[in-house]
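This is a predicted model, so every value here is computed, not measured.
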Amino acid sequence: MRTLLTVLMGGLLLAALAGCGNNDGGSPEGLPPLSFHTSGLATTPQMALWRVISSGALPELADLRVEYWKNLDDLRGLLLAGKGDIWLGHTEGFAQAALRGAPVRLLAVTSWRKFSILTRRPGVATVDDLAGPGGPKDARIRVAVAPPQSPALPVLRELEKHGLPRLAYAPHEPRQAMLEAINGDLDTLLLPEPLATVLLNRDPRFRILVQLEDLYGELTGHEPLLPMAGVAVHARLAKERPAFVSALRDAVLAAGAEIAADPDLGVAALPEAFEKFVDKPTVRRSLGRDRLLARSAGESRAAVLRYLAMVLPEAVKADGTSNLPDGFFWN
């Protein structure tokens with residue numbers, strides 16, 4: 001989920017989203033209101049949860065306090081300090097925080113397809129066309145990668161063990177990459193959604209060469225999905241109110257199935273203030289590549305561990321089993 005964090009100017013985000021998502025009402029049995037920490041830079045990963053919030057299905061969410069983290073460091077600080085009850089974040093970040101003692105319980109994975117390689121170069125039909133005969137130093141084409149620390153890169157490096165050619169990658173900040181691409185200075189990029197759709201809208205000369213997840217599936221034989229982001233809860237909440245956490249998980253999974261069948265429900269559930277960051281028509285178009293899918297942490301365990309073995313190796317033991325604290329995968 002790093003790719004979801006730096007797409008546009010973070011400073012505009014807080015102004016656009018201030019006060020968004022709060023509802024009037026009271027928590028059941030006089031309990032204090034719950035807090036949800038999220039980012040307006042994420043779209044697909046939180047659609048199912050917003051569908052639950054807007055439906056009023058869970059009384060505990062009636063007066064939910066919604067707060068927005070600014071960047072990865074901000075989210076990491078929240079997790080390590082145990083601030084909040086429900087978090088939207090990337091699985092790697094949740095796992096990293098848990099390894100450092102954060103009270104994090106992964107509830108559901110809600111983002112599975114995110115990255116695309118785009119090009120406007122004629123004659124480039126496959127990833128092999130981007131490589132040079134001698135490896136990255138001889139590559140004909142450099143692939144601009146945004147953001148610079150994209151989790152797509154360690155995945156691509158791992159896929160080199162399965163036959164992917166070694167490519168030349170050039171890290172870019174998202175705004176820089178977009179500007180240079182639109183100005184004609186970049187012709188091949190590795191981008192997340194919805195940024196890829198934004199570029200396709202701005203410059204129709206670009207086309208999708210391949211999605212990272214399709215490469216992963218083709219070269220490894222696994223499902224063409226990568227469990228990149230999802231919803232987690234505070235360990236205290238999971239211990240003290242397990243019935244609510246179970247109901248929340250089930251509601252998110254049910255809402256995920258609903259919006260998978262009718263994506264417009266998910267787009268409509270996003271707060272209106274999100275449009276000041278990424279407009280809803282762009283979000284809707286991005287869903288052709290950014291698959292709507294919600295799976296429980298328990299069901300996602302094997303896929304998450306395979307993913308973490310590539311992007312956060314310390315979270316996985318040499319035999320492929322979890323090195324994470326007991327209870328990280330809430331079930």
field: Partners meeting ring pair (Phe, Tyr, Trp, His ring centres under 6.0 Å) with His172 (sequence neighbours left out)
entry: none

- request: Output all residues satisfying side chain to side chain donor-acceptor pair (under 3.5 Å) with Asp185, sequence neighbours left out; order by chain, then residue number.
  value: none

query: Who pairs with Lys280 by salt bridge (Lys or Arg N to Asp or Glu O under 4.0 Å), at least two apart in sequence or on another chain?
result: Glu272

What side-chain donor-acceptor pairs closer than 3.5 Å can you find for residues 293-305, not counting sequence neighbours?
{"from": "Arg295", "atom 1": "NH1", "to": "Glu223", "atom 2": "OE1", "distance (Å)": "3.0"}
{"from": "Arg295", "atom 1": "NH2", "to": "Glu223", "atom 2": "OE2", "distance (Å)": "3.1"}
{"from": "Ser296", "atom 1": "OG", "to": "Glu299", "atom 2": "N", "distance (Å)": "3.1"}
{"from": "Ser300", "atom 1": "OG", "to": "Ser296", "atom 2": "O", "distance (Å)": "2.7"}

message: My understanding is that only residues two or more places apart in sequence, or in another chain, count here; which of them pass side-chain contact (heavy atoms from CB on, under 4.5 Å) with Asp73?
response: Asn71, Arg76

- line: Across all chains, not counting sequence neighbours, the side chain to side chain donor-acceptor pair (under 3.5 Å) partners of Asn183 are none

Listed pairs under 3.5 Å, donor-acceptor, residues 124-131 side chains, sequence neighbours left out:
{"from": "Thr126", "atom 1": "OG1", "to": "Asp128", "atom 2": "N", "distance (Å)": "3.3"}
{"from": "Asp129", "atom 1": "OD2", "to": "Ala125", "atom 2": "N", "distance (Å)": "2.7"}
{"from": "Asp129", "atom 1": "OD2", "to": "Thr126", "atom 2": "N", "distance (Å)": "3.0"}

message: Which residues pass the salt bridge (Lys or Arg N to Asp or Glu O under 4.0 Å) test with Asp214, not counting sequence neighbours?
response: Arg113

task: With sequence neighbours left out, write down each residue that passes side-chain contact (heavy atoms from CB on, under 4.5 Å) with Asp187, or none if nothing qualifies.
output: Arg120, Arg121, Ile141

- prompt: Considering residues at least two apart in sequence or located in another chain, which fulfil the side chain to side chain donor-acceptor pair (under 3.5 Å) criterion with Ser286?
  reply: none

Please tabulate, for side-chain N and O atoms in residues 242-261, each donor-acceptor pair with protein atoms closer than 3.5 Å (sequence neighbours left out).
{"from": "Ser246", "atom 1": "OG", "to": "Arg249", "atom 2": "NH2", "distance (Å)": "3.3"}
{"from": "Glu258", "atom 1": "OE1", "to": "Arg51", "atom 2": "NE", "distance (Å)": "3.1"}

- request: Output all residues satisfying salt bridge (Lys or Arg N to Asp or Glu O under 4.0 Å) with Asp203, sequence neighbours left out; order by chain, then residue number.
  value: Arg205

